Amino acid sequence: MYKNIFSPESIAEAVEALQTGIPFAIWETFYVTVVATLLALVLGLPLGVLLVAGEKNGVLPLPAWLLSVLNTVINLLRSIPFLILMIMVFPLSRLLIGTTVGTTATIVPLVVAAFPFIARLVEGSLREVDPNIIEAAQSMGATPLQIICKVMIPESVPGLISNVTIALTTILGYSAMSGIIGGGGLGKIAIDYGYYRYKYLVMYIAVILLIILVQVFQSVGTKLSVKSDKRLKG
Amino acid sequence: MIEIKHLSKTFDTAAGQVAALQDVSLSINDGDIYGIIGMSGAGKSTLVRCINMLERPTEGQVIVNGQNLGTLTPAQLRAARRDITMIFQQFNLLMQRNCLQNVCFPMELAGVKKAEAQKRAIELLELVGLPDKAKAYPAQLSGGQQQRVAIARALATDPKVLLCDEATSALDPTTTHQILSLIKEINKKLGITVVIITHQMSVVKEICSHVAILDGGVVAESGLVSTVFSAPKSAAARRLVFPGAVDEKISDPLQEQRVRLVFRDSKITGVPLVARLASEHGIMANVISASTQAISEEVYGSMLLGIPKGQLTEAREFLSAFPNIQYEEVGEHV
């Protein structure tokens with residue numbers, strides 16, 4: 001299978017791919033991942049906040065039924081395999097973007113898959129805020145909204161940043177899958193060349209580039225998280 | 001003025017209902033430094049949380065400056081809380097904000113303009129002795145410094161009442177002393193009523209004017225520190241004033257009756273009591289323990305004697321005749 005992987009022809013092809021398709025694919029992957037993560041954050045952050053603040057002893061208690069509906073929806077969305085979810089949200093993509101194919105259209109399933117994940121990650125980060133600090137804010141006459149915006153979220157920023165980084169790298173992995181439904185990016189290159197045309201060298205290059213992207217996201221995320229944490233400036 | 005009237009608090013736990021406080025009534029006058037002392041589990045923290053309604057009482061009322069806190073709307077309660085601020089054992093500073101931002105925080109909540117808030121925060125940091133720490137983060141400060149920042153933060157909204165929940169329990173003795181001096185200074189300078197929750201007798205002795213002893217959710221005794229501690233009546237108070245009461249276990253109870261004398265007045269020490277017992281009455285008293293302690297600027301002493309049982313009546317007559325000595329026979333059961 002890999003016999004001719006470094007043959008002059010495949011090297012020439014790889015060089016061509018690197019000059020033509022790949023630079024744009026890197027950009028597409030980057031764009032889809034970042035935009036999908038940001039949109040998922042817009043939905044997931046408030047949802048995660050509700051999960052913590054809305055508890056019985058939280059700062060903004062919600063009706064128990066509402067909380068269990070939210071939890072069920074999150075678990076439901078998280079149990080659908082992404083490959084199937086991509087197809088299931090076609091009607092939604094058509095409604096929002098007007099089409100189900102293309103790079104931008106893949107953002108829709110990515111957001112649908114990622115926001116429940118992000119909600120859970122946000123929930124985890126917010127739970128780590130010292131309840132005594134929240135009590136202190138209550139003793140100063142803070143409103144529930146002030147506690148959320150000025151205490152819970154700012155105090156968990158380092159944790160939120162590292163969790164968003166996890167989400168970013170996961171979404172990057174998912175975005176590679178979207179080549180199947182006509183999305184662009186490095187995933188599409190890897191599938192097109194490697195799976196459909198047996199051009200393994202290009203596939204490997206695409207995979208290596210994906211690995212590099214993950215490394216870059218992760219190390220930038222870790223640095224930002226550490227840098228933002230004022231508890232470590234001892 | 002803080003009036004706590006017939007306050008009870010019951011918690012529902014997995015093991016059933018637990019009564020943390022039962023029919024607690026106290027009144028705390030403006031400008032007092034009022035200590036609430038008790039062992040852990042006595043209900044002190046619950047009581048202090050009822051004063052600002054962080055904990056809703058199951059029964060009873062809390063009236064602060066004529067305002068019944070239990071009947072306020074959430075918005076009114078939040079406004080009332082700016083007048084009743086609190087400091088904590090673990091300081092509870094916002095770890096991601098620097099000291100200046102921490103002190104600004106309650107003003108930010110109250111909608112004070114940023115420039116104005118910062119100006120006041122700088123003044124407050126000066127008041128607590130940390131003018132150079134404005135830009136430092138809590139993690140860079142020692143426990144004592146963090147508590148100073150917490151005090152500055154608590155003073156930011158010009159409160160009438162400062163609640164201290166075990167505020168010195170996480171600090172070493174020297175730092176405890178410094179923080180208590182600061183609280184005393186603030187009490188004198190700004191006229192703020194201070195309520196101190198503690199399990200440390202030394203804290204009450206050092207700064208409190210009044211004290212309530214909480215034992216098993218009930219006020220065992222309350223009043224002026226000097227009154228309560230010079231002649232403790234309740235078992236809980238006696239445990240605090242004569243900790244352990246180990247001295248009462250020393251002499252041979254078959255031959256001697258143990259007698260506790262508490263001196264309410266430092267002048268009485270001019271009378272050589274034990275010597276007079278011996279020379280005038282021929283009673284050979286056995287001195288088991290004797291101590292002197294300073295309680296809020298006054299000096300009190302107590303002494304435990306072993307009196308031969310045959311001469312007990314005579315000794316009782318002699319010792320009870322002094323007006324400033326509290327005479328008490330102590331049994332084995334104590």
Side-chain angles (χ1 to χ4, degrees), chain A residues 45 49 52-62 64 122 124-164 221-234, chain B residues 12 45 48-49 51-55 72 74-99 101-111 135-142 149-150 153-157 159 161-166 170:
Chain A
L45 183 67
V49 167
V52 179
E55 280 192 324
K56 202 174 140 210
N57 297 317
V59 295
L60 193 66
L62 292 177
V122 168
S125 295
L126 295 183
R127 281 195 201 289
E128 277 175 33
V129 176
D130 184 352
N132 291 316
I133 293 182
I134 294 172
E135 190 189 43
Q138 283 171 327
S139 82
M140 291 174 221
T143 63
L145 201 65
Q146 283 175 325
I147 291 175
I148 291 167
C149 298
K150 290 177 185 286
V151 181
M152 288 169 70
I153 294 176
E155 285 293 299
S156 53
V157 158
L160 286 172
I161 293 178
S162 55
N163 277 335
V164 167
T222 307
K223 274 215 180 70
L224 282 177
S225 168
V226 170
K227 204 174 169 215
S228 74
D229 197 347
K230 307 295 189 267
R231 287 170 299 185
L232 306 174
K233 290 189 173 173
Chain B
D12 289 315
S45 282
V48 76
R49 276 167 179 69
I51 297 180
N52 61 3
M53 294 283 143
L54 282 177
E55 209 69 83
L72 299 182
Q76 287 172 323
L77 180 60
R78 286 195 288 271
R81 279 177 180 165
R82 289 179 198 138
D83 281 341
I84 315 166
T85 56
M86 196 167 179
I87 57 173
F88 304 85
Q89 180 171 6
Q90 294 304 332
F91 327 125
N92 296 351
L93 296 174
L94 293 156
M95 300 307 282
Q96 307 292 352
R97 283 176 170 234
N98 65 31
C99 295
Q101 292 167 327
N102 261 288
V103 180
C104 285
F105 183 64
M107 295 185 269
E108 200 178 306
L109 297 178
K135 297 279 178 246
Y137 286 91
Q140 296 166 299
L141 304 181
S142 69
V149 176
R153 182 176 71 171
L155 296 176
T157 48
V161 179
L162 177 65
L163 306 175
C164 309
D165 182 18
E166 297 277 10

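These numbers come from the heavy atoms of this one structure, side chains and all, not from hydrogens, waters or symmetry mates. Letters go in sequence order (proteins before strands), and every chain restarts at 1. Treat the numbers as computed from the prediction; the structure is a model and nothing was measured.
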Quiz prompt | Under 4.5 Å from a heavy atom of chain B, the part of Ser228(A) involved | solution = backbone
Quiz item: What's the spacing between Met140(A) CE and Thr85(B) OG1 if we round to 0.5 Å?
Solution: 8.5 Å
Quiz item: Given side chains that start at C-beta, do those of Arg231(A) and Tyr137(B) come closer than 4.5 Å, heavy atoms only?
Solution: no
Self-check item: Contact class of Leu94(B) relative to chain A, heavy atoms under 4.5 angstrom
Solution: both
Quiz prompt | Engaged part of Leu93(B) at the chain A interface, taking heavy atoms whose separation is under 4.5 Å | solution = backbone
Quiz item: How far does CD of Gln138(A) sit from CE of Met53(B), to the nearest 0.5 angstrom?
Solution: 14.0 Å
Quiz item: Given the options Ala137(A), Gly141(A), Pro158(A), which has more heavy-atom pairs under 4.5 Å with chain B than any of the others?
Solution: Gly141(A)
Practice problem: Using non-hydrogen atoms and a 4.5 Å limit, figure out which bit of Ile84(B) sits close to chain A: side chain, backbone, both or neither. | Solution: backbone
Quiz item: Quick one: do Glu155(A) and Arg97(B) make a salt bridge, cutoff under 4.0 Å?
Solution: no
Quiz item: Once you round to the nearest 0.5 Å, how far does CD1 of Ile51(B) lie from OG of Ser139(A)?
Solution: 12.5 Å
Quiz item: Do Met95(B) and Lys230(A) have side-chain heavy atoms sitting under 4.5 Å apart?
Solution: no
Exercise. Any chance you could lay out the side-chain contact (heavy atoms from CB on, under 4.5 Å) test for Arg49(B) and Glu135(A), step after step, and finish with the verdict?
Key: CA-CA 10 Å; Arg49(B) 276 167 179 69; Glu135(A) 190 189 43; 2.6 Å; yes
Quiz prompt | Donor-acceptor under 3.5 Å (Asn92(B) side chain, Ala136(A) main chain) | solution = no
Quiz item: Under a 4.5 Å heavy-atom cutoff, which of Arg81(B), Gln96(B), Arg78(B) has the most pairs with chain A?
Solution: Gln96(B)
Quiz item: Are any of the side-chain heavy atoms of Asn132(A) and Phe91(B) separated by less than 4.5 Å?
Solution: no
